[in-house]
Amino acid sequence: MKRMLVVLIACLLLVGCQVNENNSNGKVDVVVSTTMLADLVKQIGQEHVEVTMLFGPGIDPHLAQPTGNDTQVVYDADLVVFSGLNLEAHFHQIVDAFSDKTLLVGEELEESDLLVSDGEYDPHYWFSVPLWIKAAKLVAEELMVTDSEHKSDYESNLNAYVADLMELHEWIEGRINEIESDQRILVTAHDAFNYFANECGMSVYSVGGMSTDSEVTASSVNEVANLMIEHEIKAIFVESTVPLTSVEAVLAEVKRRDFEVSIGPELFSDALGTQKYAQYVEAIKYNVNSIVESLK
Ligand SMILES: [Zn+2]
């Protein structure tokens with residue numbers, strides 16, 4: 001711990017001369033926390049950025065702990081983009097030490113756009129496509145400042161990507177409408193889908209809390225089981241970054257009462273996937289298709 005602090009303080013003293021300097025390959029070195037942000041920065045930055053992400057697919061950002069290497073890559077970066085709103089709950093020290101070159105996207109969004117749960121801002125705003133469009137604009141603005149030489153490229157990449165996101169937004173609406181209105185209930189393992197549900201007129205219930213380290217209690221398992229039976233909900237969804245146990249507890253309870261529920265496909269929640277699912281648009285389409293096919 002002491003060593004980490006010494007490193008951080010040394011970094012603090014040096015950080016001023018690191019900002020806005022492009023590396024020898026001529027690209028802007030951007031360090032991001034999540035897979036969602038990695039895709040967003042690549043979409044806007046294209047050939048002008050080199051993106052390093054701290055949390056890969058399947059890594060839970062609520063629980064991820066910083067390593068010495070994380071401190072080093074952040075120190076070396078030209079720009080750092082974090083999701084904010086306490087998603088990267090164990091990275092406050094690093095964020096504070098490098099605040100000069102760090103964009104905390106969530107903290108720059110309008111307060112009125114954010115959902116609050118148990119007195120805290122819900123950090124899962126990437127599931128709102130309109131908010132992700134705002135996030136794209138924030139990232140583009142930051143790249144334009146860091147690398148003003150390629151300002152017009154960032155601008156046109158942003159416009160093209162916003163058009164893709166708007167198309168995605170409309171497509172989601174159309175697909176969700178295929179589910180009977182009384183079946184538009186999404187039951188998941190942790191509370192990541194409030195923004196998504198809010199936007200497409202679904203209700204959402206989760207067995208766990210907003211952070212994956214919140215405890216799953218017998219009463220919350222019972223509550224969700226009751227709800228599924230009462231509304232005859234066909235599927236409960238598991239998530240790529242959350243262990244199966246809480247979902248299995250609900251399934252067992254539902255089965256005990258002679259009701260059939262299936263486990264829906266694994267949804268991407270706090271991390272995107274690999275290959276084509278490393279792209280936000282593809283991962284969201286996958287989620288929506290999975291939800292619609294399981295509930296309609
Ligand atoms: Zn989460």
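For the pair Pro57 and Thr35, the tightest heavy-atom approach, listed with the atom from each and the gap, is N-CG2, 3.7 Å. For the pair Gly84 and Leu104, the tightest heavy-atom approach, listed with the atom from each and the gap, is CA-CD2, 4.1 Å.
Donor-acceptor pairing under 3.5 Å is lacking for the side chains of Glu173 and Asn177. The closest side-chain donor-acceptor pair between Asn159 and Glu155, if any, does not fall under 3.5 angstrom. No hydrogens or angles considered: a donor-acceptor pair under 3.5 Å links the side chains of His92 and Asn86.
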Take Phe55 and Phe91, measure what ring pair (Phe, Tyr, Trp, His ring centres under 6.0 Å) needs, and give me the verdict at the end. CA-CA 12 Å; Phe55 314 150; Phe91 280 70; 5.3 Å; yes
Show the numbers, then the answer: is there a salt bridge (Lys or Arg N to Asp or Glu O under 4.0 Å) between Glu253 and Arg257? CA-CA 7 Å; Glu253 181 57 27; Arg257 299 197 226 160; 3.0 Å; yes
Let me see the working for Val116 and Asp122 under side-chain contact (heavy atoms from CB on, under 4.5 Å), right down to the final yes or no. CA-CA 5 Å; Val116 176; Asp122 180 340; over 6 Å; no
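Ring centroids of His48 and Tyr154 are separated by less than 6.0 Å, placing the two rings close together. For Trp126 and Tyr280, the ring centers sit 6.0 Å or farther from each other. For His62 and His190, the ring centers sit closer than 6.0 Å to each other.
One hydrophobic cluster, built from ILVMFWY side chains closer than 4.5 Å, holds both Met166 and Ile176. Residue Leu63 is not grouped with residue Ile94 when hydrophobic side chains (ILVMFWY) are merged at heavy-atom distances under 4.5 angstrom, including chains of intermediate members.
Other residues, nucleotides and ligands place no more than 12 heavy atoms under 6.0 Å from the CD atom of Glu167.
Classification of the Phe268-Tyr277 ring pair by plane angle, with boundaries at 30° and 60°, yields tilted.
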